[in-house]
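Structure record follows, encoded as C-alpha cells.
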Amino acid sequence: MKIYEGNLTGKGINVGIVVSRFNEFFSSKLLSGALDSLKRHGVDEKNIQVCWVPGGFEIPLAAQKMAAKEEIQGVICLGAIIRGSTPHFDFVSNEVAKGIARVGLDSGKPVVFGVITTDSIEQAVERSGSKAGNKGWEAAMTALEMINLQKEF
C-alpha cells in the first residue's frame with residue numbers, strides 16, 4: 001500500500017499570499033498569523049510574496065496571477081467577508097470561494113481558502129486570532145502540507 005501525505009516543512013518553499021484590504025483590521029491579523037506560521041515552519045521570508053487587493057471579490061484574479069508565477073508553489077488567500085443586511089455577502093462569499101477553487105484546479109497548485117466568512121464582527125474577531133484561533137495560521141499550515149504533498153506525485 002502506498003500512502004501519500006504531506007508534511008509541514010517549509011525549507012525551500014516559495015509561497016504567494018493574496019490579502020483583501022476590505023475589513024483590513026481582520027485581514028491584517030490573518031496575514032500576521034500566516035506569516036508567523038510560515039516562518040516558524042522554515043519558510044525563508046525572501047520566499048514569501050504578498051499581494052494586497054481592494055476586496056474579497058478581487059482575490060481570485062490576483063491568486064491566478066500569483067499561481068502563474070513559476071517560482072510560486074502555492075497561494076494562500078486571506079480576507080474577511082462579514083454578513084451585512086443585504087444579499088451582497090452571499091454573492092461575494094460564493095464567488096470568492098468558487099474563484100479560489102477554480103484557480104487551484106486550473107493551475108495545478110495548492111490555492112488555499114483562508115477567507116473568513118462570518119455572520120458578525122464578533123465571529124471575525126474569534127477567527128482572526130482569539131478563541132477560535134487564527135485562520136491565517138491554519139491556511140498557511142494547509143498550504144505547506146499541500147505543497148509538500150504535491151512533491152509526492
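Linking Ile, Leu, Val, Met, Phe, Trp and Tyr whenever their side-chain heavy atoms come within less than 4.5 Å leaves Ile59 and Ile116 in two separate clusters. Linking Ile, Leu, Val, Met, Phe, Trp and Tyr whenever their side-chain heavy atoms come within less than 4.5 Å leaves Phe25 and Leu31 in two separate clusters. If you chain together hydrophobic residues whose side chains sit under 4.5 Å apart, Met66 and Val111 fall into the same group. When hydrophobic clusters are built by joining Ile, Leu, Val, Met, Phe, Trp and Tyr residues whose side-chain heavy atoms come closer than 4.5 Å, directly or via intermediates, Leu35 is not grouped with Val18. Side-chain heavy atoms closer than 4.5 Å link hydrophobic residues (I, L, V, M, F, W, Y) into clusters, and following such links, possibly through other members, connects Val43 to Val50.
Between Ser128 and Lys29, the shortest heavy-atom distance links the atoms O-CB, 3.4 Å. For the residue pair Glu95 and Pro60, the shortest heavy atom distance occurs at O-CG, 4.4 Å. Of all non-hydrogen atoms in Ala97 and Phe113, the two that sit nearest each other are CA-CE1, 3.6 Å. In terms of heavy atoms, Val115 sits closest to Leu78 at CG2-C, 4.1 Å. Scanning all heavy atoms of the two residues, the minimum distance from Leu30 to Arg127 falls at CD2-O, 3.8 Å. For the pair Val19 and Ser27, the tightest heavy-atom approach, listed with the atom from each and the gap, is CG1-CB, 3.8 Å.
Counting heavy atoms from C-beta outward, Phe22 and Val53 have side chains that stay 4.5 Å or more apart. Here the side chains of Lys151 and Gln73 are in contact, with some heavy-atom distance below 4.5 Å.
Listed by chain and residue number, Arg102 satisfy the side chain to side chain contact (heavy atoms under 4.5 Å, CB included) test with Asp106 (two or more places apart in sequence, or in another chain). Legend: residues meeting salt bridge (charged side-chain N to carboxylate O under 4.0 Å, His left out) with Glu71, ordered by chain and number and at least two apart, are Lys69. For Val15, the side chain to side chain contact (heavy atoms under 4.5 Å, CB included) partners two or more places apart in sequence, or in a different chain, are Ile13, Ile17, Leu38, Ile76, Ile147. For Glu122, the side-chain hydrogen bond (donor to acceptor under 3.5 Å, both in side chains) test picks out Ser120, with sequence neighbours left out.
Side chain of Asn148 to backbone of Thr9: a donor-acceptor contact under 3.5 angstrom is found. Within the 3.5 Å criterion, the main-chain N or O of Ser32 finds no donor-acceptor partner in the side chain of Asp36.
By the neighbour-count criterion of 12 heavy atoms within 6.0 Å, atom CG of Leu149 is densely surrounded, having more than that number from other residues, nucleotides or ligands.
Rounding to the nearest 0.5 Å gives a distance of 10.0 Å between NZ of Lys109 and CD of Gln150. Thr142 contributes atom OG1, which lies 9.0 Å from atom CE of Met146 (distance to the nearest 0.5 angstrom).
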Original post:
Are Arg40 and Trp137 close enough, and set up right, to give a side chain to side chain contact (heavy atoms under 4.5 Å, CB included), and what steps lead you there?
Top reply: CA-CA 10 Å; Arg40 286 178 187 255; Trp137 173 283; 3.5 Å; yes
Subject >> Verdict with reasoning, Lys2 to Glu152, per side chain to side chain contact (heavy atoms under 4.5 Å, CB included) >> reply: CA-CA 11 Å; Lys2 173 72 175 159; Glu152 296 291 315; 4.2 Å; yes
Please tabulate, one pair per line, all N/O donor-acceptor pairs under 3.5 Å involving side-chain atoms of residues 80-92, not counting sequence neighbours.
from	atom 1	to	atom 2	distance (Å)
Arg83	NE	Asp119	OD1	2.8
Arg83	NH1	Asp90	OD1	3.3
Thr86	OG1	His88	N	3.4

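The list of side chain to side chain donor-acceptor pair (under 3.5 Å) pairs with a residue in residues 11-26, not counting sequence neighbours, is empty.
Phe153 and Tyr4 have parallel rings, their planes meeting at less than 30° on a 0 to 90° scale where 60° marks the start of perpendicular.
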